[in-house]
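Along the sequence shown, residues are numbered consecutively beginning with 1.
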Amino acid sequence: MQERPSERMDEGWQPRLPQSPGCRYRHLAEEERPRSEAPCPVQGEVQRSRRRVKGGREVLWGPGRGGREPGARPGRGRDRGPDQWWEEAAAPDSDAWTAEPRLPALAAPAARAMPSYTVTVATGSQWFAGTDDYIYLSLLGSAGCSEKHLLDKPFYNDFERGAVDSYDVTVDEELGEIQLVKIEKRKYWLHDDWYLKYITLKTPQGDYIEFPCYRWITGDGEVVLRDGRAKLARDDQIHILKQHRRKELETRQKQYRWMEWSPGFPLSIDAKCHKDLPRDIQFDSEKGVDFVLNYSKAMENLFINRFMHMFQSSWNDFADFEKIFVKISNTISERVMNHWQEDLMFGYQFLNGCNPVLIRRCTELPEKFPVTTEMVECSLERQLSLEQEVQQGNIFIVDFELLDGIDANKTDPCTLQFLAAPICLLYKNLANKIVPIAIQLSQIPGDENPIFLPSDAKYDWLLAKIWVRSSDFHVHQTITHLLRTHLVSEVFGIAMYRQLPAVHPIFKLLVAHVRYTIAINTKAREQLICECGLFDKANATGGGGHVQMVQRAMKDLTYASLCFPEAIKARGMESKEDIPYYFYRDDGLLVWEAIRMFTAEVVGIYYESDQVVEEDPELQDFVNDVYVYGMRGRKSSGRASGTSLDTAPPKSAAQAQPPPLQGVLPSGPSGVGAGRPGTGWGRAPGSPGTGPQPAGGSALGFPKSVKSREQLSEYLTVVIFTASAQHAAVNFGQYDWCSWIPNAPPTMRAPPPTAKGVVTIEQIVDTLPDRGRSCWHLGAVWALSQFQENELFLGMYPEEHFIEKPVKAAMARFRKNLEAIVSVIAERNKKKQLPYYYLSPDRIPNSVAI
């Protein structure tokens with residue numbers, strides 16, 4: 001960027017017509033240069049030709065910016081007035097500039113006071129957010145429309161990264177109430193994208209109007225902005241505003257198209273690679289660089305480059321794994337390394353590890369798992385039979401039936417890889433700790449499928465537990481993490497962009513919670529889960545097994561399973577007294593309720609009745625888009641069988657258990673707070689009803705429509721919780737729990753044992769991943785567990801899409817509630833050797849972005 005002339009006077013710069021507002025500065029030595037210089041890039045700027053020759057005389061075109069002569073900038077002539085023309089005698093031998101005004105042929109009319117607006121333009125602070133292109137502004141008011149004005153200040157580099165620039169715009173006549181602001185970007189030399197944060201308009205009457213944008217303007221693009229007040233479709237009675245709303249959605253629906261990436265998957269964005277995405281949802285440069293650097297940093301910090309290509313090379317023993325582990329160890333991962341063989345650590349991970357969503361209370365022993373009291377008698381501490389322990393609620397089960405029959409990875413012909421579908425029975429001992437008491441490694445009982453017990457030989461029992469941990473890793477990565485957070489959040493994001501205009505309050509509420517989600521999923525389809533991607537390189541479910549798993553798991557992807565309190569209750573894990581160390585449940589309920597209180601407040605501000613919700617066509621289209629396209633209209637995507645949308649709703653899960661938030665979160669305004677009645681969606685069948693159940697939707701599917709404020713609040717809570725808290729709970733602990741390879745093997749190189757008493761330590765080490773796959777796995781879980789440098793955590797809304805004070809007050813209360821939760825979790829963790837912090841709000845990013 002060139003310095004301003006005033007800063008260069010001591011270096012030989014001379015003013016031209018200093019008494020004129022349109023003066024120009026020029027260095028004395030410039031006479032020796034050619035009259036027209038070829039443009040060339042200098043430090044990111046483009047030098048422009050300083051003069052244009054017209055009829056033997058040099059013509060200077062009105063004030064430019066950045067201290068550059070603007071004469072070479074095309075298109076400026078149509079926006080200049082008579083007072084901007086200056087003509088200079090060509091005097092190559094002269095040491096000074098001389099100029100004379102070029103007067104118009106006709107005298108100008110008498111001056112009169114014209115309305116003047118002050119326009120403030122904020123440019124984004126991310127990399128390459130600024131622009132050198134021409135920026136034009138037009139104002140559309142209730143009484144008229146202004147001409148197109150070039151926003152340009154003399155001797156100033158406008159629209160730089162992070163800049164806030166102000167301009168005075170004078171119009172010929174009163175425009176009335178400003179309804180729309182149009183921004184146009186036109187090419188100057190080379191196109192560069194521009195990120196516009198917002199525009200603030202000061203009217204001639206002294207009022208300030210905010211126009212949020214937070215979008216990229218690319219090429220010769222333009223954007224038409226409305227003021228920041230959120231409006232439902234029914235609030236727009238003016239034709240031009242209705243038309244603007246409709247055209248915005250028409251444009252978005254062309255940009256955000258549904259696509260089937262693989263049969264049976266939720267639909268995703270129609271883009272083959274990241275660069276095909278709309279610019280507004282792409283990673284900015286900082287985010288993209290960070291994503292790539294995470295993998296490089298992992299390899300550098302781990303010092304594992306020498307192992308990366310050592311496929312088929314086994315480790316010598318368990319201690320040998322430390323060669324790739326100790327370089328970036330932390331408290332939890334070190335404790336895992338030291339205690340991973342213990343039954344207490346094994347059981348604890350089903351409650352508070354990175355996949356705490358599979359364990360459920362066992363109400364009846366399955367026939368395919370013929371465990372008897374005699375087998376487990378030495379593990380039962382209450383002197384009861386196994387059946388009695390089941391009746392008292394002390395037995396829990398984890399069944400990996402989903403993995404039964406899934407094809408193992410065959411992409412490397414030199415390495416055989418294997419999967420298992422184990423069943424694990426767990427017991428709550430007298431200390432209320434969960435420990436394993438029986439493991440069967442496949443679904444069909446038989447002589448070659450023994451039930452392994454803690455009383456068996458040490459390595460028999462250890463290898464059985466390793467197989468369970470490996471199976472847990474596969475279900476976690478593909479189902480709990482990929483499907484149930486990444487792909488589901490993408491569905492919500494695409495539907496939002498397709499059906500909700502930027503002025504809609506629900507768009508303003510949700511846009512922060514889908515930030516980068518579509519982009520990260522597109523990159524995953526490009527690099528991770530695609531053919532020859534990272535899944536193929538390191539995981540036993542690579543080569544197509546992960547695709548089969550998602551296809552199977554879709555039948556269990558229910559709306560009720562995304563409602564956190566209901567998901568906990570459906571697994572019989574809701575009681576704090578019975579299961580006191582389930583921190584995932586405890587913290588998740590706190591965060592869920594805080595989000596629900598916040599969404600209820602926002603819904604109450606814009607929807608004064610259930611009827612307004614039901615009659616909002618854009619909202620209903622959003623919900624329907626999720627059901628019909630994102631979830632494919634599947635009848636298996638909702639409630640438990642037998643629950644009809646036309647029947648009375650059962651009691652909510654929050655009512656069916658002690659209020660989890662009492663004493664932690666305050667009640668919100670207008671009765672918003674803990675203990676609020678449920679919405680009647682997705683409850684367990686057979687529960688008593690409390691009111692009319694709305695119609696609209698299949699008997700088992702995601703809702704096709706929402707009929708009440710309560711339902712809308714819950715729906716929005718599902719969207720936000722899934723994208724923020726649920727993803728944080730299952731993503732950011734991956735290095736903690738999976739970096740010690742024997743605790744979470746990404747692949748197994750020998751089949752499950754079919755007999756007892758034959759397992760050796762050498763056999764276990766040869767079954768675990770080789771050196772190369774171990775390194776790929778470790779690099780991946782390290783990178784996936786890192787926050788971004790500029791991470792936005794739950795409750796942070798730096799993009800001010802809302803301008804109304806009631807919503808800002810609701811946001812402040814939301815943050816206050818989240819801070820209270822942070823304090824509660826921090827106080828509890830002080831007393832824990834294994835702290836649980838994944839659901840602490842100060843560690844929960846707003847969206848799925850890694």
- Message: Looking at E248 and R252, is any side-chain nitrogen of the basic one under 4.0 Å from a carboxylate oxygen of the acidic one?
- Response: yes

- Do K185 and Y136 meet the cation-pi criteria used here (NZ or CZ under 6.0 Å from the six-membered ring centre, within 45° of the axis)? no

- Can we say R498 and D625 salt-bridge, meaning some charged N sits less than 4.0 Å from an Asp/Glu carboxylate O? yes

- Query: Going by the angle between their ring planes, with limits at 30° and 60°, are Y607 and H504 parallel, tilted or perpendicular?
  - Reply: tilted

- Message: Applying the side chain to side chain contact (heavy atoms under 4.5 Å, CB included) criterion to I217, which one of I183, D280, D193 satisfies it?
- Response: I183

- Item | Main-chain N/O of Y117 paired with K202 side-chain donor or acceptor, under 3.5 Å | no

- Message: Between K808 and E800 (salt bridge meaning N to carboxylate O under 4.0 Å), is one present in this structure?
- Response: yes

- Message: Looking at D610, is its backbone amide N or carbonyl O close enough to the side chain of E614 to form a donor-acceptor pair, meaning the two atoms are under 3.5 Å apart?
- Response: no

- Below 4.5 Å, heavy atoms only, C-beta onward: do T118 and L201 meet side chain to side chain? no

- Pick out which of K247, K182, R215 makes a salt bridge (Lys or Arg N to Asp or Glu O under 4.0 Å) with E222. K182

- Check the surroundings of atom CD in E147: do more than 12 heavy atoms from other residues, nucleotides or ligands lie under 6.0 Å from it? no

- Item | R245 with D236: basic N within carboxylate O range, under 4.0 Å | yes

- Note, N817 side chain near M597 side chain (heavy atom, < 4.5 Å): yes

- Query: If we only count heavy atoms from C-beta on, is the Y516 to I281 side-chain gap below 4.5 Å?
  - Reply: no

- Query: Any side-chain heavy atom of I269 within less than 4.5 Å of one from L277?
  - Reply: yes

- What class does the angle between the rings of F598 and F814 fall in, given that below 30° is parallel, 30 to 60° is tilted and above 60° is perpendicular? parallel

- Item | Heavy-atom side-chain contact between M811 and F802 under 4.5 Å | yes

- So do W127 and Y195 actually touch side chain to side chain, heavy atoms under 4.5 Å? no

- Task: Flag the pair R229 and E804 as a salt bridge only when some basic side-chain nitrogen lies within less than 4.0 angstrom of an acidic carboxylate oxygen.
- Result: no

- Task: Please examine the side chains of L510 and F492, heavy atoms only from C-beta on, and report whether any two atoms are closer than 4.5 Å.
- Result: no

- Of R246, R226, K231, the one forming a side chain to side chain contact (heavy atoms under 4.5 Å, CB included) with L241 is R226

- Has the side chain of T599 got a donor or acceptor atom that lies under 3.5 Å from a matching backbone atom of I595? yes

- Using 4.0 Å as the upper bound for N to carboxylate O, is an ion pair formed by E593 and R596? yes

- Task: Examine F507 together with F622 and report whether their ring centres are nearer than 6.0 Å.
- Result: no

- Task: Inspect the contact between E799 and R515 and indicate whether a charged nitrogen and a carboxylate oxygen are less than 4.0 angstrom apart.
- Result: no

- Message: Go through it in stages, so that I can follow the logic: the residues are E210 and K197, the test is salt bridge (charged side-chain N to carboxylate O under 4.0 Å, His left out), and I'd like the CA-CA distance, side-chain angles, deciding distance and then a yes or no.
- Response: CA-CA 11 Å; E210 297 179 44; K197 291 174 64 178; over 6 Å; no

- Query: Any donor and acceptor pair, going by atom type alone, linking the side chain of S146 with main-chain N or O of L139 inside 3.5 Å?
  - Reply: yes

- Query: Considering residues, nucleotides and ligands other than Q611, do more than 12 of their heavy atoms fall under 6.0 Å from its CD?
  - Reply: no

- Query: Do V169 and L151 come within less than 4.5 Å of each other through their side chains, counting heavy atoms only?
  - Reply: yes

- Item | Under 3.5 Å donor-acceptor, H513 side chain and N846 backbone | yes

- Task: Would you please test F211 and Y198 for ring-ring contact (aromatic ring centres under 6.0 Å, His included) and show each step?
- Result: CA-CA 6 Å; F211 294 84; Y198 62 83; over 10 Å; no

- Between atom CG of L794 and atom CZ of R815, what is the distance when rounded to the nearest 0.5 Å? 10.5 Å

- Candidate pair F721 and F564, rule ring-ring contact (aromatic ring centres under 6.0 Å, His included), full reasoning: CA-CA 8 Å; F721 186 89; F564 189 81; 5.0 Å; yes

- Which word best sums up how the rings of W258 and Y629 line up, parallel for under 30°, tilted for 30 to 60°, or perpendicular for over 60°? parallel

